[in-house]
Protein chains: 2
Amino acid sequence: MDRKRSYDDGCAFAQALDLVGERWALLVVRELMFGPLRFTDLRERLPGIASNVLTQRLAGLEEAGIVRQVDLPRPARGKAYALTAWGKAFREPLRVMGAWASASPQLRFDKPLSAAAAMLSLSSMFDRDKAAGVSVAVDLRLPDGDFAIRVEGGCLSVEPGRTPDPQCVVSGDQNALLAVLYAGKPGSTALAAGTLAVEGDLDKLAELAGTFRAPEPMLG
Amino acid sequence: MDRKRSYDDGCAFAQALDLVGERWALLVVRELMFGPLRFTDLRERLPGIASNVLTQRLAGLEEAGIVRQVDLPRPARGKAYALTAWGKAFREPLRVMGAWASASPQLRFDKPLSAAAAMLSLSSMFDRDKAAGVSVAVDLRLPDGDFAIRVEGGCLSVEPGRTPDPQCVVSGDQNALLAVLYAGKPGSTALAAGTLAVEGDLDKLAELAGTFRAPEPMLG
DNA sequence: CCGAATCCTGTCCGATACTG
DNA sequence: CAGTATCGGACAGGATTCGG
C-alpha cells in the first residue's frame, strides 16, 4: 500500500529525490523562489507543463512540507502557492546545481528563460573574487516583475521588488539582460538593438557585469 | 524527432535536469563518486534498480558527458564506469542537496545506506565552525571498501583508500558508523553492542564526531 | 559470472476537453 | 480562474534469456 514510489534508501539525498525527484517538481520550486504564485501564473511560467501534472506536483510538494497554500493578500482574491521555510532553503541547492550545470558541454543559451530562472542564474554565476570592492545597486524591470540586485562586501543579493534609490535601472526581458551581463561587453549589441533600456549610471551596470563568470564547459 | 524528453527551458538548472533528472540517474552518479564501478557492482549498491534501467541510465549519462567507460586496471578484466571531470564536480551539488535534505521533516534514519551515500553524508553534515582547531585522521573499513577521513584546518576530506598512519581505525558497517558519529555520544551503544570495532585512539573518533551537526528538521 | 537485450506489466506523464 | 476527467503513449520495474 505504498502511496508513492520510493528509492527506499537511507541516504538523505535519495530521500530528497523521493520528494522532489518527480518531473517538473524542482522547476515549480524554482518559480516559487521569489514569492507566491497562483496556479495559472505557474502554468504560464512553465511552458509545457500539463495542468493535471501541476496539480499533482503541488499536492506532492505540499505533503512533503516544501510548499504551502496561502491566501492572496490585498486586492486579489483567491489562493496562491508559497514556499515554506524549508522550501526557501532550497535556493542554495538550486544555486549550486545551476553552477554545475553551467559547465555542461552541451548548454544552450538560445532558449527562453523565466524571470525566476534568470535571477537564480545570477546567483549561480556570481564570483566572490571578482566582486571584491564592488558596490552596486541595480534595479531590473522585467516583464514578469521587478527585482533589486545589490553587490556589496563580496556578496550578491537578489530580491523581488524595488530599491528606493537605485544607481541604475534596466528594463527589458531577462534573455537580453543575461546576454549583456555574461557577454563581458555590456552596452554592446543588446543595448544598441534597443531590446534593453537603461536609465541611470551605465558604468554601474558594467561593474555589475564584471562580477559574473561566463558559463564555460568543463572538459575531460 | 526529439530523441529525449526535454523541458526546453533556457535555465541551466533545467537543462541539467534534462540530463540527470531521470529516475535513478543521480543515484548512479552518487555511487560512482568514489571511484569506478562495474555494472554488477552498481546493481548491488542500488537495490531496486532494474538492469535495463541501469543500462539506459549509463548510456544517457555517458552521452551527457557525465560518465565514461574505462578499462578495468590490473588483474580484473572487463570494463567499468567512471565519472568524467564534470561528473566528479557533481560532488558539491550532491553535498549541498544532502544538507538540505537532512532538514526534511520526514527524514528516516532506519533505512540501509550504501558506503558512498554514507561518505557523502559526512560532507553534508560537516560543520566548519565546529571543526575549528580539530585535526584528526581516521580510517574506515566498511564492507564495501576503505575510506580515509581527515579533518584539518576546518576542512573535511573523504577519500577512498587508506592512510599510512591513521590515528584511529573503525571497522563495521556504515549505518552503525553514522549512528555513532551523529548521536553526539560516540563510544556508546553501537560500540558496546559490538557492531563497530575501533582500534587506536578512541578520543580521536570522538573529536571527529564533534565536527558534525545532527540532522534536524526545519519547521515552518 | 558479467553485461546487456528482450519480453511484459503497471505506473506515470502529456495533451485535450471539460466542470465548479 | 482553478483545477478535474480521461485517454493514449512513454517510461519504469521485474523476470527471463542470450552472448562473452
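Just so we're on the same page: letters track the sequence lines, and every chain starts at 1.
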Inset, instruction - Determine yes or no for a side-chain-to-main-chain donor-acceptor pair under 3.5 angstrom, with Asp18(A) supplying the side chain and Tyr7(A) the backbone. - result: yes
Legend entry - Atom-pair distance (CG on Leu46(B); P on dG3(C)), nearest Å: 14 Å
Legend entry - Whole-Å gap separating P (dC1(D)) and CG (Leu37(A)): 14 Å
Legend entry - By side chain to side chain donor-acceptor pair (under 3.5 Å) - contacts of Glu31(B) (at least two apart): Ser114(B)
Legend entry - Stacked cation flag Arg95(B) on Phe126(B), 6.0 angstrom / 45 deg: no
Inset, instruction - Select one nucleotide: of dG3(D), dC13(C), dA12(D), the one nearest the side-chain heavy atoms of Gln69(A). - result: dG3(D)
Inset, instruction - Using a strict cut-off of less than 4.0 Å between a Lys/Arg side-chain nitrogen and an Asp/Glu carboxylate oxygen, indicate whether Arg68(B) and Glu62(B) qualify as a salt bridge. - result: no
Inset, instruction - Report the distance from atom CG of Leu58(A) to atom P of dG3(D), rounded to the nearest whole Å. - result: 8 Å
Legend entry - Residues that Arg43(B) engages under salt bridge (charged side-chain N to carboxylate O under 4.0 Å, His left out), provided they are two or more places apart: none
Inset, instruction - Measure across Met33(A) and Gly87(A) and return the closest heavy-atom pair with its distance rounded to 0.1 Å. - result: CE-O, 3.9 Å
Legend entry - Rounded distance (Å) that lies between atom C1' of dC1(C) and atom CZ of Phe39(B): 13 Å
Legend entry - side chain to side chain donor-acceptor pair (under 3.5 Å) against Arg108(B), all qualifying residues, sequence neighbours excluded: Asp110(B)
Legend entry - side chain to side chain donor-acceptor pair (under 3.5 Å) partners of residues 169-181 of chain A, not counting sequence neighbours, each pair once: none
Legend entry - Gap between atoms CZ and P, on Arg57(B) and dG3(C) respectively (whole Å): 19 Å
Inset, instruction - Report the distance from atom CD1 of Ile49(A) to atom C1' of dA2(D), rounded to the nearest whole Å. - result: 14 Å
Legend entry - the helix from dC1(C)-dG20(D) to dG20(C)-dC1(D): angle between end helix axes, five pairs per end, rounded to 10 degrees: 30°
Legend entry - Sugar-phosphate, base or nothing in reach of Arg43(B), heavy atoms under 4.0 Å: nothing
Legend entry - Salt bridge Arg162(A)-Asp146(A), side-chain N to carboxylate O under 4.0 Å: yes
Legend entry - Given dG3(C), dG14(D), dG14(C), the nucleotide with the shortest approach to the side chain of Trp24(A): dG14(C)
Legend entry - Sidechain-backbone polar pair: Asp9(A) side chain, Lys111(B) backbone, donor-acceptor under 3.5 Å: no
Legend entry - Base of dT4(D) paired with side chain of Thr55(A) (donor-acceptor, under 3.5 Å): no
Legend entry - Whole-Å distance separating the CG atom of Asp41(A) from the P atom of dG3(D): 12 Å
Legend entry - Which nucleotide in dG13(D), dC13(C), dG14(C) has an atom nearest any side-chain atom of Arg23(B): dG13(D)
Inset, instruction - Respond yes when some side-chain nitrogen or oxygen of Lys79(B) is under 4.0 Å from OP1 or OP2 of dG20(D), and no when none is. - result: no
Inset, instruction - Take the protein atom OH of Tyr81(B) and the nucleotide atom P of dG3(C), then report the distance between them rounded to whole Å. - result: 7 Å
Inset, instruction - Ignoring the backbone of Thr40(B), work out which of dA15(C), dG3(C), dA12(D) is nearest its side chain. - result: dG3(C)
Legend entry - Nearest to side-chain heavy atoms of Arg38(B), which nucleotide of dC1(D), dA15(C), dC2(C): dC2(C)
Tabulate atom names and distances for all N/O pairs under 3.5 angstrom spanning the protein and nucleotides 6-9 of chain D.
unit_1 : atom_1 : unit_2   : atom_2 : d
dT6(D) : O4     : Asn52(A) : ND2    : 3.0

Inset, instruction - May I ask you to verify if any side-chain N or O of Arg5(B) is less than 4.0 angstrom from the OP1 or OP2 atom of dG14(C)? - result: yes
Inset, instruction - Indicate, with a heavy-atom threshold strictly under 4.0 Å, whether Ser51(B) touches base, sugar-phosphate, or nothing. - result: base
Legend entry - Phosphate-side-chain proximity, Gln56(A) and dC12(C), N/O vs OP1/OP2 below 4.0 Å: no
